[in-house]
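Beneath this line is the structure, given in structure tokens, with notes to follow.
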Amino acid sequence: MNSVQQIQEALKADIKQAIIQAELATEAELPAIVLEKPKEKAHGDYATNIAMQLARIAKKAPRQIAEDIIANLDQAKASVNEIEIAGPGFINFFMDNSYLTDLIPVILKEQDAYGKTNAGNGHKMQVEFVSANPTGDLHLGHARGAAVGDSLCNILDAAGYNVEREYYINDAGNQINNLAISVEARYMQALGREWPMPEDGYHGKDIITLGEELAANYKDEWVNKPEEERLAFFRSYGLKYELKKLAADLEQFRVTFDHWFSETSLYEEGKIEPALNVLKEKDYTYEKDAATWFRTTDFGDDKDRVLIKNDGSYTYLTPDIAYHKNKLDRGFETLINIWGADHHGYIPRMRAAIQALGYKANTLEVEIIQMVNLFENGEKVKMSKRTGKAVTLRELMEEVGIDAMRYFFVMRSSDAHLDFDMDLAKSESNDNPVYYVQYAHARICTMLRQATEKGFSINEDFDANLLGTEKEEDLLKQLGAFPQVIVDAAQNRTPHRMTQYVFDLSSNLHSFYNAEKVLDAEHPERTKARLALMQAVRITLANALDLIGVSAPESM
RNA sequence: GUCCCAGUAGCUCAGCAGGAUAGAGCAACAGCCUUCUAAGCUGUGGGUCGGGAGUUCGAAUCUCUCCUGGGACGCCA
């Protein structure tokens with residue numbers, strides 16, 4: 001908890017105390033006291049609507065209640081300068097902002113750690129994301145999921161949650177057989193043979209490259225081998241190749257995982273039967289039409305789901321239930337799955353499984369990432385999975401750069417469709433929010449560099465009382481809010497909140513920069529104070545950018 | 001047909017555990033570089049928050065209903 005949060009908590013506690021003292025409500029009746037930051041500066045630093053909320057309980061007019069609260073509030077203790085009652089019964093607090101001057105030394109001292117809190121209390125959670133089939137290149141939807149998932153993990157981590165990142169590898173189903181026959185076809189084609197791509201094959205360019213690689217390394221060695229042996233080889237070779245490529249692309253995209261979990265391992269380690277047995281023992285299953293069904297309708301799904309098909313094999317759901325049981329067995333208290341919009345229909349049955357296994361429905365959270373539409377020259381770029389012409393993560397990284405992608409993909413709320421404007425993302429102009437934000441950081445670096453050259457030292461040895469302009473105070477307040485912004489973004493699972501914060505802070509920095517001169521030989525003391533402020537802004541900007549995986553350049 | 005998401009300024013979007021005069025960027029218009037990077041700043045105009053009803057002191061926010069756009073509804077994965 002930093003000084004700003006301490007002040008807020010203290011104020012809330014004092015308000016609560018005042019209400020009880022004034023006998024407006026008992027502690028049990030009292031709703032949570034919410035302090036909000038008014039949009040209008042004229043409405044103070046904080047405002048609360050508690051007087052209106054208490055109107056019914058206390059059976060008094062809101063404004064009268066507000067009077068009673070104020071009368072019982074020790075202003076000095078709560079660091080309040082001035083209180084006013086406004087509108088229908090808002091209580092506006094104008095704070096004694098001297099605490100803000102303590103902020104800069106804290107930020108300069110904490111550096112990379114500034115913003116981190118223990119709000120999450122080490123709550124053990126796991127975020128599973130991307131989890132794309134190892135049968136082709138990552139496309140835009142995966143890229144957005146990767147950016148959002150990674151940023152969310154960073155934010156949760158900074159807010160004091162104990163978070164693990166996991167990638168589920170679907171290496172057991174039909175799609176891997178299709179991968180094998182696709183690799184086979186590309187291998188044969190690379191050797192100049194007539195060998196049509198099967199209907200269900202993967203048409204991605206990566207498989208063509210893979211076929212060529214095989215042809216170069218093995219010549220026609222595999223052409224005349226028995227089909228079973230050949231396909232087994234292509235299967236394992238293809239899987240390794242694809243996984244290596246996925247990991248490399250993601251790493252380049254600044255996304256790494258703590259754990260890559262193989263679906264096949266569930267079979268090898270016999271995890272599926274025990275999971276199935278839990279459902280059977282609890283009588284959530286039944287037999288019908290020579291298949292085994294899971295009664296997901298008991299948990300609100302609109303129809304029951306098959307677990308074991310009439311040919312004896314499992315549906316996709318069955319190992320997935322075993323997988324989620326495994327996650328829970330590993331002791332995670334909350335599971336977050338980040339899925340593409342096309343999987344949202346899958347949520348009720350997975351949540352049913354969680355409950356059937358004996359856990360609360362909200363143990364599993366599913367964040368749905370809506371579609372990405374790519375725009376170039378003002379026109380929507382058409383994508384086709386069949387022809388393999390979808391734009392890949394790698395191509396986009398090469399074309400628009402990682403910083404722009406990371407920023408754009410988390411810029412919007414995840415449940416809104418995203419129009420990705422390639423021209424904007426590529427443009428090195430003020431239209432591009434990534435440049436705007438990075439420029440703010442680079443600008444500060446330039447000032448700090450020149451300050452050092454001119455012999456100014458940047459450290460905690462400065463007089464904070466020399467910082468008092470409106471823009472300086474705005475910056476300080478915003479810096480102080482950073483830890484709480486992280487907590488909010490973590491609790492609400494809204495990483496896009498972080499891009500907003502970065503943008504707003506950058507905007508205030510640019511505004512300050514144009515209004516005030518930092519390096520001023522005629523006012524060395526004020527210069528030192530402003531340099532310290534600039535350093536604090538720089539650290540906060542860099543920390544915020546780091547949370548969303550965007551670099552903070554020192555010059556541009 | 002059922003379910004999910006969205007509908008807010010000309011465009012792209014914030015705001016949605018109800019709160020004061022609904023915000024930002026872009027676009028439009030008017031200004032600011034002999035001064036730390038103008039990749040920047042300052043100002044102006046712009047809205048029936050998809051329509052309608054309800055809940056209450058108060059609704060963009062909650063409920064119902066209708067309209068529009070997108071997605072999902074396999075013994076595929």
Side-chain angles (χ1 to χ4, degrees), chain A residues 32 34 36 38-40 42-43 47-49 52-53 55-56 61-62 86-90 92 133 135 170 172-176 178 200 263 288-293 300-303 305-317 319-320 340-348 368 370-371 373 375 378 411-421 424 427-440 442-451 454 491-492 494 496-497 499-500 503-504 506-507 509-520 527 530-531 534 555-556:
Chain A
V34 178
E36 57 166 28
K39 290 171 219 156
E40 291 283 325
H43 296 147
T48 181
N49 61 354
M52 275 118 76
Q53 298 221 347
R56 206 169 304 158
F90 289 99
N92 295 335
N133 288 344
T135 55
N170 292 117
N174 250 334
Q175 73 277 9
I176 297 301
N178 287 338
D200 296 334
E263 181 185 1
K288 193 183 100 186
D289 302 336
T292 302
W293 295 71
D301 198 3
D302 48 7
K303 61 178 99 161
R305 307 292 171 175
V306 171
L307 292 169
I308 305 175
K309 303 182 222 172
N310 58 18
D311 68 359
S313 64
Y314 297 131
T315 61
Y316 179 79
L317 177 62
D320 214 11
D342 54 342
H343 284 77
H344 89 257
Y346 195 73
I347 298 173
I368 289 299
Q370 290 293 339
M371 286 179 37
N373 289 317
F375 283 81
M411 180 165 66
R412 304 292 180 218
S413 119
S414 305
D415 50 25
H417 296 189
L418 179 72
D419 288 339
F420 190 103
D421 183 340
L424 179 60
S427 79
E428 302 195 355
S429 77
N430 52 353
D431 300 353
N432 189 340
V434 187
Y435 280 84
Y436 181 86
V437 158
Q438 293 185 316
Y439 182 44
R443 224 174 196 180
I444 297 174
C445 289
T446 300
M447 284 187 275
L448 297 178
R449 242 185 338 262
Q450 294 189 3
K454 288 176 181 171
Q491 287 174 346
N492 297 319
T494 48
H496 73 278
R497 181 82 185 71
T499 57
Q500 286 172 12
F503 190 88
D504 289 345
S506 301
S507 175
L509 182 276
H510 287 309
S511 177
F512 165 78
Y513 180 94
N514 275 275
E516 313 286 354
K517 193 155 167 58
V518 173
L519 299 174
D520 185 352
T527 297
R530 285 184 173 170
L531 281 169
M534 288 301 101
S555 65
M556 288 172 75

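Naming convention: chains lettered A, B, ... in sequence-line order (proteins, then strands); numbering from 1 in each chain. Quantities reported herein were computed from a predicted structural model and do not represent experimental measurements.
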Determine: side-chain N/O of [X] to OP1/OP2 of [N], distance under 4.0 Å, yes or no.
X        : N      : result
A:Thr315 : B:rG74 : no
A:Arg497 : B:rG15 : no
A:Lys454 : B:rC36 : no
A:Ser511 : B:rU42 : yes
A:Lys309 : B:rC76 : yes
A:His343 : B:rC3  : no
A:Gln53  : B:rG19 : no
A:Tyr436 : B:rU37 : no

Between [X] (side chain) and [Y] (backbone), is there a donor-acceptor pair under 3.5 Å?
X        : Y        : answer
A:His510 : A:Ser507 : no
A:Glu263 : A:Pro319 : no
A:Asn432 : A:Ser427 : yes

Distance, rounded to the nearest Å, where [X] contributes [atom1] and [N] contributes [atom2]:
X        : N      : atom1 : atom2 : value
A:His510 : B:rG43 : NE2   : C1'   : 19 Å
A:Tyr439 : B:rC36 : OH    : P     : 11 Å
A:Leu509 : B:rC36 : CG    : P     : 16 Å
A:Tyr346 : B:rC5  : OH    : P     : 20 Å
A:Phe90  : B:rA20 : CZ    : C1'   : 5 Å
A:Asn133 : B:rC76 : CG    : P     : 15 Å

From B:rC13, B:rA6, B:rA20, nucleotide with atom closest to A:Asp415 side chain: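 So the side chain of A:Asp415 is nearest to B:rA6.
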
Report the nucleotide, chosen from B:rG19, B:rC36, B:rA77, that has the shortest atom-to-atom distance to any side-chain atom of A:Tyr316.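 Selected nucleotide: B:rA77.
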
Syn versus anti for B:rA20, judged by chi lying within 90° of 0?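 You should classify B:rA20 as anti.
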
Taking syn as within 90° of 0 and anti otherwise, name the glycosidic form of B:rC11.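 Glycosidic conformation of B:rC11: anti.
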
Roughly how far apart, to the nearest Å, are [N] and [M] at atom [atom1]?
N      : M      : atom1 : result
B:rC29 : B:rG51 : C1'   : 34 Å
B:rG70 : B:rU8  : P     : 15 Å
B:rC75 : B:rC49 : P     : 45 Å

Base-paired stems in RNA chain B, each at least three Watson-Crick or G-U pairs under 3.5 Å: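 If one scans RNA chain B for consecutive Watson-Crick or G-U pairs, the stems found are B:1-7 with B:67-73, B:10-13 with B:23-26, B:28-32 with B:40-44, B:50-54 with B:62-66.
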
Base, sugar-phosphate, or nothing: which does [X] touch, judged by heavy atoms less than 4.0 Å apart?
X        : answer
A:Asn178 : nothing
A:Ala291 : base
A:Tyr513 : base
A:His344 : base
A:Ser413 : sugar-phosphate

Gap between atom CZ of A:Arg497 and atom CD of A:Gln491 - 0.5 Å precision: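 Reported to 0.5 Å precision, the distance equals 12.5 Å.
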
Find the distance between OH (A:Tyr316) and CG (A:Asn174) and round it off to the nearest 0.5 Å.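 A:Tyr316 OH to A:Asn174 CG: 13.0 Å, rounded to 0.5 Å.
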
Looking at A:His417 and B:rG70, is any side-chain donor or acceptor paired with a base atom of the opposite kind under 3.5 Å?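 Side chain to base: no pair below 3.5 Å.
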
Record whether the side chain of A:Asp342 comes under 3.5 Å of the base of B:rA77 through a donor-acceptor pair of N or O atoms.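 Counting by modelled atom types and ignoring angles, no donor-acceptor contact under 3.5 Å is found here.
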
Does one side chain, of A:Arg530 or A:Thr527, offer a donor that lies under 3.5 Å from an acceptor on the other?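 No, no side-chain donor-acceptor pair sits under 3.5 Å.
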
